[in-house]
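To start, the structure under review is shown below, and the notes come after it.
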Amino acid sequence: MAIATKPASGFRDFLPEDMRRRDYVFGIVEKVFKKYGFDKIDTPSVERLSTLLGKYGDEGDQLLFRILNRGDKLSKALDNEPGEGNLSETGLRYDLTVPLARVFAKYRSDLPPIFKRYQIAPVWRADRPQRGRYREFYQCDVDIVGSDSRLVEVEVVSALTEILNTLKFENFRVHVNHRELLKVMIESAGISSAQESTTLVALDKLDKIGIDGVKKELINRGLNDQQIDKLIGLSENLPDDNREKVNTLIERTSNIDRSKTVGEELLLILDLAENTVAGETLFFDPFLARGLSYYTGAIFEIRSDDFPGSLGGGGRYDELIGMFMKESVPACGFSLGLERIILLLEERGADFGEDAGPDVLVSVFSDELAGESLKVATEIRELGLKVDVYPGSGKFKKQFKYANTRKIKKVVVLAPDEVENGTISIKDMATTDQVTFSRAAYLDELKKLLA
RNA sequence: GUGGCUGUAGUUCAGUUGGUUAGAAUACUGGCUUGUGAUGCCGGGGGUCGCGGGUUCGAGUCCCGUCAGCCACCCCA
């Protein structure tokens, strides 16, 4: 048997048709990010493990692709006691936010005091592949570093809403919540901080498994009935309107001091968002939790009924950059799951713009006439058209077939007859019509393709 | 990491209660057509039926193991 040609599990090849769609989508993303005043950066795919570890929570650490040491370092490790600590020092980046934090900490003096950046690049996770879940996938990240204003949250959500609107991606919401509000709710229900994270995980599933499912889960996780009833009680019979919902929760958790200030932060975000496209898409979801441990304030997640997971997520992470420098710097950002959005757009039969293949194929009758074909191709290229010269020579049958597979609309025919008479024939692949022009006039005919 | 389903030409799939040399469509390729594709007709190459073991006179088919893929969970984009 030959060597396996499938890419490694969770990795993908992108053929020309795939790339066309991806370029179309990435192009829109980039245009909108620029429109919102973000600058582009790039960072290495490989980071030190010391940079990566401890930022994403235990689950995240498990999913890091680590790079095995080589040479002496590896032999020494194997000779002594091989373990997590000495077998690997670097790994593939898990997201684009932690590298940004590192970069900002290192180059702060070279960067504007408030740094707005975007980055579109692949990240890697050693996850089990599934529909819309890959081990290598692109993230489109926007972040604003150095500002503590709620305006930042709104700008970021507004940018990604505009991207999805431009892509005509429908049927989505941006769920919003606040890490502190979750803590307030848990405290208010008399649940200890030790049980906080496990409680959050259960709560996050509310829309999937329902209230009864969450209750069961919480019992399994060791909460008592009183705590559960209080916690569930907070969420029952909430009004539909975002603001009223926040206000109701502030009232219900009034036994905790911070309740009001946290709630007001959410209200401010909702109010500011009304001045942007984000106003239409924000949906306050008091049970949105998000696993990444670096979030400290508002958190966001794009959801759609057509996909079980998240289509993008983000939030405020005011302490992350401080892990790379002495001072803490506030920051907030969002990562768009373009892979999943492309997947859904494909499933919905979306339009990805025009096919951008060559406009013209110049056929090659024989090796003797190859030079003549190249000369003609050069002339046509000077018009600004995309021109393919048949890579070889021989049967026209083959060459026309080739034009079809490449979806080329016009074929320039240049055989001994044409050369002798000083003419050029142009065949239209759709209508099968073939018309002969003088060498002076054929370019005018092809110019029509430019329009 | 846990559970379920599925593995047959490059691709999509047939293949009967286990029975001779494993089929179709499509793609590729040659001819009908030595200057013309997509439609037609005739031909050609391409498979150790995922891999290993077992049951049997006989296994693509049944059993066990293993690997891979898909789906669900966990988590996430």
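Lettering follows sequence order; numbering is per chain, from 1. Remember, predicted model here, so these are calculated numbers, not experimental data.
- The cationic group of A:Lys31 does not satisfy the cation-pi geometry with A:Tyr36, failing either the under 6.0 Å distance to the six-membered ring centre or the 45° limit from the ring axis.
- Residues forming a ring-ring contact (aromatic ring centres under 6.0 Å, His included) with A:Tyr134 (at least two apart in sequence, or on another chain): none.
- With both ends at atom C1', the span from B:A77 to B:A27 equals 35 Å, rounded to whole Å.
- A cation-pi arrangement is absent between A:Lys55 and A:Tyr294, since the terminal nitrogen or guanidinium carbon is not both under 6.0 Å from the aromatic centre and inside a 45° cone about the axis.
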Letter per nucleotide, 5' to 3', of nucleotides 70-77 of chain B [B base touched, S only sugar-phosphate touched, - untouched; heavy atoms, 4.0 Å]: -SBBBBBB

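- Scored by the ring-ring contact (aromatic ring centres under 6.0 Å, His included) test, A:Phe33 finds A:Tyr118 as partners (sequence neighbours excluded).
- A distance of about 38 Å separates the C1' atoms of B:U16 and B:C73, rounded to the whole Å.
- Using atom P as the reference point in both B:C57 and B:G46, the two lie 35 Å apart (nearest Å).
- Across residues 425-436 of chain A, A:Lys427, A:Met429, A:Thr432, A:Gln434 each have a non-hydrogen atom less than 4.0 Å from an atom of RNA chain B (numbered order).
- A:Phe400 places its CZ atom 17 Å from the C1' atom of B:U39, with the value rounded to the nearest Å.
- For the P atoms, the distance linking B:C49 with B:G4 amounts to 28 Å, nearest Å.
- Pairs engaging residues 358-378 of chain A under the ring pair (Phe, Tyr, Trp, His ring centres under 6.0 Å) rule: A:Phe365-A:Phe396 [sequence neighbours left out].
- At least one cation-pi condition fails for A:Arg290 and A:Tyr295: the charged atom is not both under 6.0 angstrom from the six-membered ring centre and inside a 45 degree cone around its axis.
- Here A:Arg348 pairs with A:Asp306 in a salt bridge; the nearest charged N to carboxylate O distance falls below 4.0 Å.
- With no hydrogens or angles considered, no side-chain donor-acceptor pair links A:Thr296 and A:Glu319 at under 3.5 Å.
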Heteroatom pairs (N/O) under 3.5 angstrom, protein to nucleotides 26-31 of chain B:
| from | atom 1 | to | atom 2 | distance (Å) |
| --- | --- | --- | --- | --- |
| B:G31 | OP1 | A:Lys395 | NZ | 3.0 |
| B:G31 | OP2 | A:Lys395 | NZ | 3.3 |

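- Using a 5.5 Å limit on the distance between ring centres and a 30° limit on the angle between planes, the aromatic ring of A:Phe396 does not count as stacked on the six-membered base ring of B:U36.
- Residues that satisfy the ring-ring contact (aromatic ring centres under 6.0 Å, His included) test with A:Phe104, not counting sequence neighbours, are absent from this structure.
- Taking 3.5 Å as the limit, the base of B:G35 and the side chain of A:Glu418 contain a donor-acceptor pair of atoms between them.
- A:Leu151 meets the side chain to side chain contact (heavy atoms under 4.5 Å, CB included) test with A:Ser149, A:Glu155; sequence neighbours excluded.
- The separation between A:Asp58 atom CG and B:G1 atom C1' is 14 Å, rounded to whole Å.
- In this structure, A:Ala403 reaches neither bases nor backbone, as no heavy-atom distance under 4.0 Å exists between it and the strands shown.
- Donor-acceptor pairing under 3.5 Å is lacking for the side chains of A:Ser88 and A:Asn69.
- Across all non-hydrogen atoms, the minimal contact from A:Tyr317 to A:Gly333 is CE2-N, 3.7 Å.
- Counting to the nearest Å, the P atom of B:U36 and the CG atom of A:Asp417 are 12 Å from each other.
- Atom C1' of B:G43 sits at a distance of 32 Å from the matching atom of B:G50, rounded to the whole Å.
- In RNA chain B, runs of at least 3 consecutive Watson-Crick or G-U pairs, each pair with both distances below 3.5 Å, span B:1-7 with B:67-73, B:10-13 with B:23-26, B:28-32 with B:40-44, B:50-54 with B:62-66.
- Within the 4.0 angstrom heavy-atom criterion, no nucleotide atom of any strand lies near A:Asp95.
- One P atom belongs to B:A24, the other to B:G45, and the distance between them is 12 Å to the nearest Å.
- The interatomic distance linking A:Glu420 (CD) with B:G35 (P) rounds to 13 Å, in whole Å.
- The interatomic distance linking A:Leu414 (CG) with B:G35 (C1') rounds to 12 Å, in whole Å.
- Here the C1' atom of nucleotide B:U11 and the CG atom of A:Leu15 are 13 Å apart, to the nearest Å.
- The gap from the C1' atom of B:C32 to that of B:G15 amounts to 34 Å, rounded to the nearest Å.
- Take A:Tyr138 and apply the ring-ring contact (aromatic ring centres under 6.0 Å, His included) test, not counting sequence neighbours, and it matches A:Phe26.
- Straight-line distance between the P atoms of B:G58 and B:G31: roughly 48 Å, to the nearest whole Å.
- The list of side chain to side chain donor-acceptor pair (under 3.5 Å) pairs with a residue in residues 173-187 of chain A, not counting sequence neighbours, reads A:Arg173-A:His175, A:His175-A:Asp285, A:His178-A:Glu265, A:Glu180-A:Arg258, A:Glu187-A:Arg258.
- As judged by a 4.0 angstrom heavy-atom cut-off over every strand, A:Val413 is placed among the base-contacting residues.
- Taking the side-chain hydrogen bond (donor to acceptor under 3.5 Å, both in side chains) definition, one finds that A:Arg340 meets it with nothing, sequence neighbours left out.
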